[in-house]
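In what follows, a single structure is set out as structure tokens and then discussed.
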Amino acid sequence: MKKITLIAVPFALLLGACSGPAPSDQTDGSAPAPTAAPATAQVEAPATTLIRAEPAVLPDCNPAVVTLHWNVFTTHPEIKTVKVYSGDRVFVHSAATGKQATGPWVRPGAVFTLKNGADDTELEKVTIGGPACSP
């Protein structure tokens, strides 16, 4: 009988060690919270129809080149020219359909405004998406 007890006790201890801590071993009864990467604020790039940017979203806050594409002719055939503003400055004054690359100065959050070239009526805005960058 003693031999069976000596064999059964180490086997029972081995099984107990493999099952992890018992609920009574935890201080508050809950499992430890998984660690997650901190959330990073993002600048949204809403969909547009008249003007778009490539890339529409930048991966980081480093200045980058973005190519703007526009086409107002299909929805506004009366408009012959457009202006694309960056902030309060005219970036390009061009035909109703076209594209233009920026220099390496665009960051997430940059806004380009498409306006009628004749009367500066605002047609649409495109915002470059990506991580929120401090000024």
Side-chain angles (χ1 to χ4, degrees):
M1 218 45 182
K2 289 184 180 182
K3 289 182 183 179
I4 295 174
T5 305
L6 292 176
I7 294 171
V9 171
F11 184 69
L13 291 173
L14 181 65
L15 285 176
C18 292
S19 66
S24 62
D25 292 343
Q26 295 177 3
T27 55
D28 65 355
S30 64
T35 57
T40 303
Q42 293 287 310
V43 175
E44 296 297 320
T48 56
T49 56
L50 302 176
I51 185 170
R52 65 183 171 82
E54 287 182 4
V57 177
L58 298 175
D60 54 42
C61 293
N62 293 325
V65 174
V66 171
T67 301
L68 300 169
H69 301 259
W70 58 90
N71 183 350
V72 300
F73 183 74
T74 56
T75 57
H76 300 286
E78 73 282 3
I79 296 177
K80 305 303 178 204
T81 65
V82 295
K83 295 177 187 173
V84 178
Y85 284 78
S86 173
D88 59 355
R89 294 180 165 192
V90 175
F91 170 66
V92 65
H93 188 175
S94 181
T97 302
K99 69 179 183 176
Q100 181 67 46
T102 68
W105 46 266
V106 179
R107 294 176 55 192
V111 177
F112 294 91
T113 306
L114 180 68
K115 295 185 177 186
N116 183 328
D119 64 9
D120 277 351
T121 302
E122 184 176 310
L123 302 171
E124 193 169 58
K125 290 183 178 184
V126 63
T127 302
I128 306 302
C133 304
S134 57

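Just so you know, residue 1 is the first one in the sequence shown, and it goes up from there.
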Thr49 vs Thr75, side-chain contact (heavy atoms from CB on, under 4.5 Å): CA-CA, chis, key distance, verdict | CA-CA 10 Å; Thr49 56; Thr75 57; over 6 Å; no
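Residues that satisfy the side-chain contact (heavy atoms from CB on, under 4.5 Å) test with Ala101, not counting sequence neighbours, are Val65, Thr67. Val57 pairs by the side-chain contact (heavy atoms from CB on, under 4.5 Å) definition with Ala45, not counting sequence neighbours. Considering only residues two or more places apart in sequence or on other chains, Gln100 meets the side chain to side chain donor-acceptor pair (under 3.5 Å) condition with none of them. Partners of Thr74 under the side chain to side chain donor-acceptor pair (under 3.5 Å) rule, at least two apart in sequence or in another chain, do not exist in this structure. Thr97 meets the side chain to side chain donor-acceptor pair (under 3.5 Å) test with Asn71; sequence neighbours excluded. Shown here are the side chain to side chain donor-acceptor pair (under 3.5 Å) partners of Arg52, two or more places apart in sequence or in another chain: Glu54.
Applying the disulfide bond (SG atoms under 2.5 Å apart) test to residues at least two apart or on different chains, none of the pairs has a partner in residues 67-119.
How far CZ of Phe112 is from NZ of Lys125: 13.0 Å, rounded to the nearest 0.5 Å. Here CD1 of Ile79 is found 8.0 Å from CG of Leu50. Values are rounded to the nearest 0.5 Å.
Between Pro55 and Val66, the shortest heavy-atom contact is O-CG1, 3.9 Å. Heavy atoms only, all atoms of each residue included: Thr127 and Pro46 are closest at CB-CD, 4.3 Å.
At most 12 heavy atoms of other shown residues, nucleotides or ligands fall within 6.0 angstrom of atom NZ in Lys99. Remark: Glu122 CD is packed, more than 12 non-hydrogen atoms of other residues, nucleotides or ligands lying under 6.0 Å away.
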If you look only at distance, which donor and acceptor atoms sit under 3.5 Å apart when one is on a side chain in residues 81-96 and the other is two or more places apart or in another chain?
{"from": "Lys83", "atom 1": "NZ", "to": "Asp120", "atom 2": "OD1", "distance (Å)": "3.2"}
{"from": "Tyr85", "atom 1": "OH", "to": "Asp120", "atom 2": "OD1", "distance (Å)": "3.3"}
{"from": "Tyr85", "atom 1": "OH", "to": "Asp120", "atom 2": "OD2", "distance (Å)": "3.1"}

Under 3.5 Å, side-chain donor or acceptor atoms of residues 128-135 against the rest of the protein: list the pairs with distances, not counting sequence neighbours.
none

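Cluster partners of Val111 are absent, since no Ile, Leu, Val, Met, Phe, Trp or Tyr has side-chain heavy atoms less than 4.5 Å from it.
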